[in-house]
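Here is the structure we will look at.
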Amino acid sequence: MSLLEGIKVIDFSKWLPGQYCAMILGDYGADIIKIEDLAGDATRRFFPEKKEGMSYWHLMLNRNKKGVALDLKKSGGKEVLLELLREADVFLEGFRPGYLARYGLDYETLHTINPRLIYCSITGFGQNCHKPAHDLNVVGLAGMSSLDDVGGACVGEVQVSAVGSGVNAVAAISMALFARERTGQGQHLDVNLYATALSMQVTAASAVWGCAETGTQPFGRVAHYYNIYKCKDGRFMTVGTIEPKFWQRFCDLIECPELEHRQYDFAHKDEIAAKISAKMLEKTQAEWLETIGKAEFCVTPVCTLDEALASELTAQENMLFEANSDLGKIKYVGAPVKFSDNQARIRLRAPELGEHTQAVLQGLGFTDEKIAELRAEGSIL
């Protein structure tokens with residue numbers, strides 16, 4: 001039996017945070033019904049597409065979901081969604097605050113219809129702010145864009161506040177399901193990207209406050225013994241030698257024994273970093289890896305994503321899957337958490353737009369005549 005078997009989730013999100021959350025819940029066995037409007041999510045058409053309307057993004061993030069397409073602005077579309085919500089365990093939505101209230105789909109209204117429903121909202125800035133935002137905006141506002149720690153803003157490859165909010169939503173929904181076992185009642189969950197981004201900076205915030213209180217200089221994450229250094233071939237190595245024993249082994253590696261007792265010599269940190277940089281430029285990344293061999297002291301290569309996907313570390317984690325489908329082979333990055341008694345599974349490819357509308361409505365008790373009527377009036381696809 002899957003961990004979340006029997007839990008029905010109505011996924012009414014359109015973007016990465018909600019899609020990621022529902023993907024994880026689906027991987028662990030929840031019954032996910034993905035609701036889209038008749039045009040479909042914009043992410044269906046993100047480049048590259050395996051076929052029209054079936055982007056690789058969509059195939060990855062919307063696996064293990066059944067697809068229903070409806071027009072919420074028509075009474076028939078709203079009727080379908082309400083019927084789904086009457087028997088659902090979780091409603092996941094990613095609209096700006098107040099939008100769904102226009103259609104009588106706010107938490108207070110739905111709680112009267114289904115008191116056990118867990119209503120999870122994922123927004124940019126919470127229920128009291130209507131600003132639109134994507135991850136790039138949020139991490140900038142939250143102080144996360146200076147990722148090189150010396151004031152240089154950059155665009156990261158990972159949407160940290162978006163994926164982080166998806167993970168937070170999974171945790172919140174799991175806790176709310178557990179609480180419901182005790183109380184019999186659902187509740188409203190307010191997850192937002194900005195709060196997620198701030199919460200991920202707990203150590204940085206503590207350092208800022210500590211330095212302000214003590215009058216010391218902020219240390220940040222970068223030091224001569226904790227940094228990224230360029231190699232002769234233009235590639236990079238990460239040096240994370242926080243422990244003194246690792247620092248000493250690193251000094252031996254670069255043949256600088258005179259630095260062994262200067263790990264915390266911050267008065268001359270620029271001089272020490274320059275010396276390390278010069279040493280690291282003497283060899284290519286491959287040559288450094290050959291020199292290190294099987295020794296372990298937190299000096300590792302900066303890999304491309306292609307290299308990471310093909311690495312021994314990835315293979316031993318059994319993280320990658322390939323499944324046959326009517327669209328050909330589809331590759332997946334699997335769920336990261338392993339349970340001793342239950343494992344995540346990929347059971348369904350991502351749905352075509354409205355692919356399961358007929359079957360889902362029949363499961364709700366809608367007759368074929370009623371379904372045809374809803375389709376003719378443009379309420380469903």
Side-chain angles (χ1 to χ4, degrees), residues 138-161 163-164 196-305 307-308 311 313:
V138 171
V139 296
L141 287 166
M144 293 184 77
S145 286
S146 296
L147 296 180
D148 63 4
D149 210 45
V150 291
C154 62
V155 179
E157 287 294 331
V158 178
Q159 298 97 316
V160 288
S161 73
V163 174
T196 292
L198 282 180
S199 73
M200 296 171 80
Q201 298 182 87
V202 289
T203 56
S206 67
V208 167
W209 290 329
C211 289
E213 187 173 315
T214 60
T216 51
Q217 187 71 21
F219 175 72
R221 293 191 66 213
V222 173
H224 47 269
Y225 58 82
Y226 194 87
N227 209 338
I228 297 174
Y229 292 98
K230 183 181 284 190
C231 303
K232 185 178 181 179
D233 56 351
R235 301 204 64 185
F236 297 88
M237 296 287 289
T238 57
V239 176
T241 54
I242 293 176
E243 296 88 342
K245 64 180 181 180
F246 290 159
W247 168 251
Q248 290 174 18
R249 293 177 196 172
F250 173 63
C251 291
D252 291 340
L253 173 76
I254 62 174
E255 298 179 344
C256 289
E258 70 279 9
L259 297 181
E260 285 188 10
H261 301 292
R262 300 182 67 185
Q263 181 174 7
Y264 303 117
D265 182 3
F266 298 119
H268 303 91
K269 60 182 181 180
D270 293 339
E271 171 196 325
I272 296 171
K275 191 162 192 174
I276 295 171
S277 294
K279 280 289 185 179
M280 295 300 292
L281 284 169
E282 292 179 1
K283 295 182 181 181
T284 65
Q285 185 191 76
E287 289 169 338
W288 281 119
L289 292 175
E290 185 178 356
T291 303
I292 293 169
K294 294 185 177 181
E296 297 179 348
F297 48 95
C298 300
V299 178
T300 53
V302 174
C303 299
T304 65
L305 181 55
E307 290 170 333
S311 73
L313 286 172

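Residue indices begin at 1 and follow the sequence shown.
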Item to check | Non-hydrogen side-chain atoms of R235 and V302 separated by less than 4.5 Å | outcome: no
Checklist outcome for this item: Here the pair of heavy atoms bringing K283 nearest to T291 is NZ-OG1, 3.1 Å
Next on the checklist: Could you go through Y264 and Y225, starting from their C-alpha distance and side-chain angles, then the distance that decides it, and tell me whether this counts as side chain to side chain contact (heavy atoms under 4.5 Å, CB included)?
Outcome noted: CA-CA 9 Å; Y264 303 117; Y225 58 82; 3.9 Å; yes
Checklist entry - Do H224 and F266 have side chains that get closer than 4.5 Å, going by heavy atoms? => result yes
Next on the checklist: Counting C-beta onward and ignoring hydrogens, is there a side-chain heavy-atom pair between V239 and I228 closer than 4.5 Å?
Outcome noted: no
Next on the checklist: Working note: Y229 + V299, criterion side chain to side chain contact (heavy atoms under 4.5 Å, CB included); need CA distance, chi angles, decisive distance, verdict.
Outcome noted: CA-CA 10 Å; Y229 292 98; V299 178; over 6 Å; no
Checklist entry - Rounded to the nearest 0.5 Å, what separation is found between the NE2 atom of H268 and the CG atom of L259? => result 12.5 Å
Item to check | Distance in Å, W288 CH2 paired with I254 CD1, rounded so as to fall on 0.5 Å steps | outcome: 6.5 Å
Checklist entry - How many angstroms lie between CH2 in W247 and CZ in R262, if you round to the nearest 0.5 Å? => result 9.0 Å
Checklist entry - Would you find more than 12 non-hydrogen atoms of other residues, nucleotides or ligands less than 6.0 Å from Y226 atom OH? => result no
Checklist entry - Are there more than 12 heavy atoms of other residues, nucleotides or ligands under 6.0 Å from atom CD of E258? => result yes
Item to check | OG on S277 to CD1 on I272, rounded to 0.5 Å | outcome: 12.0 Å
Checklist outcome for this item: Closest heavy-atom pair, A197 versus A142, reported as atoms and distance to 0.1 Å, is CB-CB, 3.6 Å
Checklist entry - Could you give the distance from CD1 (I242) to CD (Q263), rounded to the nearest 0.5 Å? => result 9.0 Å
Next on the checklist: Keeping E307 on the side-chain end and T304 on the backbone end, is there a donor-acceptor pair under 3.5 Å?
Outcome noted: yes
Next on the checklist: Looking at T284, is its backbone amide N or carbonyl O close enough to the side chain of E287 to form a donor-acceptor pair, meaning the two atoms are under 3.5 Å apart?
Outcome noted: yes
Item to check | Minimum heavy-atom distance T196-S161, with the two atoms named | outcome: CG2-O, 4.0 Å
Next on the checklist: Does any part of the side chain of M237, heavy atoms only, come nearer than 4.5 Å to the side chain of C231, both counted from C-beta?
Outcome noted: yes
Next on the checklist: Show the nearest heavy-atom pair for residues S199 and V202, with the distance to one decimal.
Outcome noted: O-CG1, 3.1 Å
Next on the checklist: If I compare all heavy atoms of T241 with all of F250, which pair ends up nearest, and what's the gap?
Outcome noted: CG2-CB, 3.8 Å
Checklist entry - Is a salt bridge present between E260 and R249, judged by a nitrogen-to-oxygen distance below 4.0 Å? => result no
Checklist entry - Got a second to check how far I276's CD1 is from L281's CG, nearest 0.5 Å? => result 12.0 Å
